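Quick notes on the structure that follows.
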Number of protein chains: 2
Amino acid sequence: MAGIEEVARRAGVSAATVSRALSGRGHVSAATRAKVLEAAAALGYVVSSSASALATGRMRNVGVVIPFLNRWFYGAVLEGAESALLAQGYDLTLYNLGGGAEERHSVFEHFLLRKRVDAVIAVSLELTESEVQRLHDLRKPMVGVGGPLPGVRTLSIDDIAVSRLATEHLIGLGHRRIAHIGGDRAVEMDFHLPTNRRIGYQEALAAADIPTDPALFHPGDFTMQGGYEAAKQLLGAPHDRPTAIFAASDEMAIGAILAARDLGLDVPRDVSVVGIDDHDLAAFFGLTTVAQYPMLQGRMAVDVLMQELHPGHPEPASLNTPLPFDLVVRSSTARPDAGRG
Amino acid sequence: MAGIEEVARRAGVSAATVSRALSGRGHVSAATRAKVLEAAAALGYVVSSSASALATGRMRNVGVVIPFLNRWFYGAVLEGAESALLAQGYDLTLYNLGGGAEERHSVFEHFLLRKRVDAVIAVSLELTESEVQRLHDLRKPMVGVGGPLPGVRTLSIDDIAVSRLATEHLIGLGHRRIAHIGGDRAVEMDFHLPTNRRIGYQEALAAADIPTDPALFHPGDFTMQGGYEAAKQLLGAPHDRPTAIFAASDEMAIGAILAARDLGLDVPRDVSVVGIDDHDLAAFFGLTTVAQYPMLQGRMAVDVLMQELHPGHPEPASLNTPLPFDLVVRSSTARPDAGRG
DNA sequence: ATGAAAGCGCTAACAC
DNA sequence: GTGTTAGCGCTTTCAT
């Protein structure tokens, strides 16, 4: 438990010099620095983060508020953020806001109100203006991932464009009866993600002069099972069965593939399926999908914060850039008449 | 950014009294406490965790070191630990040790060496004795989840008993040609989990006088795809096809179910499949499995730490109790001759 | 380039 | 039950 004073003594300098040598702030002669480094190493010295934080006002710690840990998207965002923070010498304090309003309140009191973090990454968190204001008043930089936050810089993909792309892929293959599995309003999902994805689907249909058929929409809860059940309904129709399904997430799309199989339908010959995400399992199931890159999103969120925290920090190239997404074509989509003509 | 002094002034008391009233330590008259609470609320006062930590030596923060974020087991452990910590007023600092030795070293320097955490939960982390010693010297309580750590209290299920149970279930149904998909040594898995699960399998076979057939073992990498490929090999055998497969994880077991389907085999009529975990997807696939309870494991780890951190804390009932696991029978297992006789 | 000294904001003895 | 006082271990002016 060596302190800075011991290191100073051993190096034959003052505590102030040790601090400078170790932090890199201020000028220290090379020789002195070497002595200090040696002494610190020999004593196994480490700064006390609380003492340092008290003196500087900086915690070198950012809070990440996230609604789920065990969903692919969120886990990946977290992973991206964690490694980017670690690389900057920052710690990441995790707040999992699965629960209700009181848990959320408690988290706010907790870290907002305990000066534990220098900044906040809010993943799919819908904050009220007053909550944002609160953070703002405490001069805590904040960045959102996924969905707009009032007055906060937010990283999120263009859900409308993404689902338009997915739908256009199907239309381009010649499909006209394209079903959509999306979220219903009841499903507690962040922002208007389900709605936006449905809008993109409808836009693509409209652009191709394909009328929207309400019978071709079925809600799902963004799980594999939800997609399975929705697809069973959609594909079980005796007449005018859709030739393609666009699911608002890969997990639902995989559920749809399994449902098709259970109905004796071949994917993609009898029905094409496309999802969104490029989930870990997508390749295994041969799922055509629109990839988004959640780890990258986590990393980018960190870049944005670092820029606000350290004004000298290099401008992240991707800062005001729309987030990337790409169509990944695999074997779950094909022309509707493939194998017949 | 009100400080304790302002609260004291507003309440007409000293800073010490404010501290006592707010922390609950020491005696404060009810009337005074009310005044202090009121003043604190009015000013939006919150303690500075760094100042408090510096004065007390307690950070109210525990570090969780975990190798993956996006695998079901680890995500669930994390979720359990997070909510238990939050309930105790502790924060959780996340260290994701996916990478190599240097990343691991960096994490050690980071949090071990920065006095950021009061205690450590090491999930599937293999530490050397000297690393453990280091933590020990810093008097940081530590608890492991999954796998023994030298001189550290560790929570982990009895992998041998778990896989014995799974195998016995199959034997009890009348199976004798039981294949096993486990990890090979090359697969970078924690501790001897794959080996232990294989041992349990062999023990169960031996107890039933069933000889172990090396042809019935196939390694997998604990992913769905890995299980799929292994099962293809196992079930593709022209002669003496196994009538049952015991996979060392649910994800591999699900892969095996999908492989069986692709080979035109019916589960469970032609082949029974059992896994370990009770993964989120297990119910959807009707998978019989041995449930372990990772969220509970995360919570228990916190209980253990709290006990060491606050000696007055109630003894966790489950402390020296072996971790629970249960056979969950669903529709992926049946008698080998079911439907034929 | 280095040292002396004054805090950062809180807590915990110790007095009363 | 409450106030006074002395730090916790660093960082950072301000001198030199």
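In what follows, chains are A, B, ... by sequence order, proteins preceding strands, each numbered from 1. The structure presented is a predicted model; accordingly, all values stated were derived computationally and were not measured.
- Of all the residues in residues 48-56 of chain B, B/L54, B/A55 reach under 4.0 Å from DNA chain D with at least one non-hydrogen atom.
- Residues passing the side-chain contact (heavy atoms from CB on, under 4.5 Å) test with B/T128, sequence neighbours excluded: B/S130, B/E131.
- Looking at which nucleotide of DNA chain D each of B/A15 and A/V18 is closest to, the 5′-most match is held by B/A15.
- Atoms OG1 and CD, on B/T154 and B/Q297 in that order, are 11.5 Å from each other to the nearest 0.5 Å.
- Using a distance-only test at 3.5 Å, with no hydrogens or angles considered, a donor-acceptor pair links the side chain of A/T56 to the main chain of A/S52.
- Look at B/R60 and B/D91 and you find no salt bridge, because none of the NZ, NE, NH1 or NH2 atoms lies under 4.0 Å from a carboxylate O.
- Partners of B/R10 under the side-chain contact (heavy atoms from CB on, under 4.5 Å) rule, at least two apart in sequence or in another chain, are B/E38, B/A39, B/A42, B/L43.
- Backbone-only engagement by B/V13 is indicated by non-hydrogen atom pairs under 4.0 Å involving sugar-phosphate atoms exclusively.
- In this view, B/E308 and B/R153 satisfy the salt bridge (Lys or Arg N to Asp or Glu O under 4.0 Å) rule, not counting sequence neighbours.
- Contacts with DNA chain D (heavy atom under 4.0 Å) in residues 4-11 of chain B: none are found.
- Separation of atoms CZ (A/R299) and CD (A/E79) is listed at 9.5 Å; rounding is to 0.5 Å.
- Using a 4.0 Å cutoff on non-hydrogen atoms, the parts of residues 19-42 of chain A near DNA chain D are A/S19, A/R20, A/R25, ordered by number.
- Separating the CE atom of A/M59 from the P atom of D/dG9 is a distance of 17 Å, rounded to the nearest angstrom.
- In this structure, the separation between NZ on B/K140 and CG on B/L305 is 12.0 Å, given to the nearest 0.5 Å.
- With a 4.5 Å cut-off on side-chain heavy atoms, A/Y45 and A/L22 count as touching.
- One distance of note links CD1 of A/I121 with CG of A/L94; it measures 11.5 Å at 0.5 Å rounding.
- Across the protein-nucleic acid pair, B/R116 atom CZ and D/dC10 atom P stand 14 Å apart, rounded to whole Å.
- Side chain of A/S23 to backbone of A/S19: a donor-acceptor contact under 3.5 angstrom is found.
- The side chain of A/S14 places an N or O atom within less than 4.0 Å of a non-bridging phosphate oxygen (OP1 or OP2) of C/dG3.
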